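None of the values given here were measured: they were computed from a predicted structure. Every chain is numbered from 1, with letters handed out A, B, ... down the list of sequences. Keep in mind that the numbers below use all heavy atoms, side chains included, and drop hydrogens, waters and symmetry copies.
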Number of protein chains: 2
Amino acid sequence: MVKITQPHIDKREHLINEAIELFAEKGFEGTSIRDLATRAGVNIAMVNYYFGSKEKLFEAIVAKKASHMRGVLDIILANKALTEIEKLDAIIEGYVTRFFAYPTFHRVLQQELLVSSRDHMHETIIELFIRNTKDVVGIIQKGIKSGVFKKVDPELTFASIIGTLNQVLSSAMMCNKLMNKPKDYNPYDNPQFKKRLITHIQCVVHALLLK
Amino acid sequence: MVKITQPHIDKREHLINEAIELFAEKGFEGTSIRDLATRAGVNIAMVNYYFGSKEKLFEAIVAKKASHMRGVLDIILANKALTEIEKLDAIIEGYVTRFFAYPTFHRVLQQELLVSSRDHMHETIIELFIRNTKDVVGIIQKGIKSGVFKKVDPELTFASIIGTLNQVLSSAMMCNKLMNKPKDYNPYDNPQFKKRLITHIQCVVHALLLK
DNA sequence: TTGTTTAATTTAAACGATTGTTTAATTTTG
DNA sequence: CAAAATTAAACAATCGTTTAAATTAAACAA
């Protein structure tokens, strides 16, 4: 007898992945559990069975995926062989690579940053951002103190890095219009576009910081 | 006899303004018409009476407020006395001023850019962005051709300008944490912070473009 | 001004549909 | 056989919207 349903190794993970796609497209409130259950091919009750509630599913999503950039940052920060500007270059590449690998997830995070009604979730995401911000700001400040960097605004410089990336990530349709690609094209699958973005942000940081 | 209700010159406008605040805080789907009616001090039926539907209320919001930057851009573009870099500086100041004057409205727009489920609304907002993008990109390309600007990526340069601004705008709580302000502080009311942001973005553009 | 008529506004109540969640029975698994 | 997973069905609550009656405002003739 042939199995009709896919052999999901971990149904929890499958639900999380499908939820990210739906949340990114329709938003958290705009996505119903029935939408999700249908799309994931499971019963309506399974979401509450696995996660307890819709909101806890959201927390599970954040808990599972949001801390990845921490590891990347820690490795770069611990690398004594890198100069400050090389660290920043590596961080930029790390961010773009990560965001391009999971564009829908980071769209969900951005949505939650904009919507402040789910207080706990909002603060959790901000905490993550703040820690990363302080690390990058620290590198910039160190470079300024040692005289390698010009005296810029460290916090807003990081805002420019992440902001540029988020701007590109916020709407695929907009990217496609600007690149004359068809409407349903996925710009985040395009390695040339990814390279172009990395180069641009690095250029911005170089121009702003290096004397 | 004293009037109990406030003398709203235009109830339509009052509803729009309250809706912007609620949509910015809770999102479009996260805001119920009952929420809005209660907050605005009107009956539940009034939203549909004035706008026809919740979605048309949203369209009314966009139609009323979204085209303002066009006028600002047109004036700057038509000013023959300005050099390219002066135009860009003026555009940056215009954008920051506008966004700081109506931070909640622009948060609503950003949300709608992230959520692509309401197709018509999504495209409308993108059209507005695209037009403005093309104008700014045009200035940068002109500067590059005449040899005044370095050969940068014009589209992504605009993404950096708007992206930096949107990043700052996306969460007041984050701004406050970075500036060591209390949780309920409104950073967009702070003229020094506004000046700081204008200066930073202009610095970025100068560093990136000027030889 | 006056009273009358018509239109615009506002209201409370109800509409059906959909929401997240729970239940209790059933099937699958180890 | 016991535990875990899955199901269909129902739960109360809330959603956007509509209705039909009540109120207010505007228009107009006398």
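Nucleotide D/dT6 holds its C1' atom 12 Å from the CG atom of A/Leu15, rounded to whole Å. Distance CD1 (A/Ile33) to C1' (C/dT22): 12 Å, rounded to an integer number of Å. When the P atom of C/dT21 is taken as reference, atom CZ of A/Arg34 falls 11 Å away, rounded to whole Å. Atom CZ of B/Phe58 and atom C1' of D/dG16 are 16 Å apart (whole Å). With rounding to whole Å, B/Asn48 atom CG is found 15 Å from C/dT11 atom P. In this structure, A/Ile44 atom CD1 and D/dA8 atom C1' are separated by 8 Å, rounded to whole Å. Taking atom CD on A/Glu55 and atom C1' on C/dT21, their separation rounds to 14 Å, with Å as the unit. Atom-to-atom, CE of B/Met46 to P of D/dT18 comes out at 15 Å; the value is rounded to the nearest Å.
Side chain of A/Tyr49, nearest nucleotide from D/dA10, D/dA4, C/dT11: D/dA4. When distances run from any side-chain atom of B/Ala45 to the nucleotides D/dT18, C/dT22, C/dT21, the shortest one goes to D/dT18.
Between A/Asn132 and A/Ile91, the closest side-chain pair of non-hydrogen atoms is not below 4.5 Å. Residues A/Phe99 and A/Phe105 fail the side-chain proximity criterion, which asks for heavy atoms closer than 4.5 Å. Between A/Arg196 and A/Met179 there is a side-chain heavy-atom pair separated by less than 4.5 Å.
Taking 4.0 angstrom as the limit, B/Asn43 places none of its side-chain polar atoms (N or O) nearer than this to OP1 or OP2 of C/dT10. For D/dT6, the OP1/OP2 oxygens have a side-chain nitrogen or oxygen of A/Tyr50 closer than 4.0 Å. Residue A/Ser53 places no side-chain N or O under 4.0 Å from the OP1 or OP2 atom of C/dG20. Proximity of B/Ser32 to the phosphate of D/dT14: no side-chain N or O atom is located under 4.0 Å from OP1 or OP2. Between A/Lys11 and the phosphate of D/dT6, there is a side-chain N or O to OP1/OP2 separation shorter than 4.0 Å.
Pairing for D/dT17 is with C/dA14, a Watson-Crick or G-U wobble pair whose two hydrogen-bonding atom distances lie under 3.5 Å. In this structure, D/dA12 forms a base pair with C/dT19, meeting either the Watson-Crick or the G-U wobble geometry with both donor-acceptor distances under 3.5 Å.
Annotation for A/Lys134: atom NZ does not count as buried by contact number, only 12 or fewer foreign heavy atoms lying within 6.0 Å.
Aromatic pair A/Tyr188/A/Phe193: ring centres not closer than 6.0 Å.
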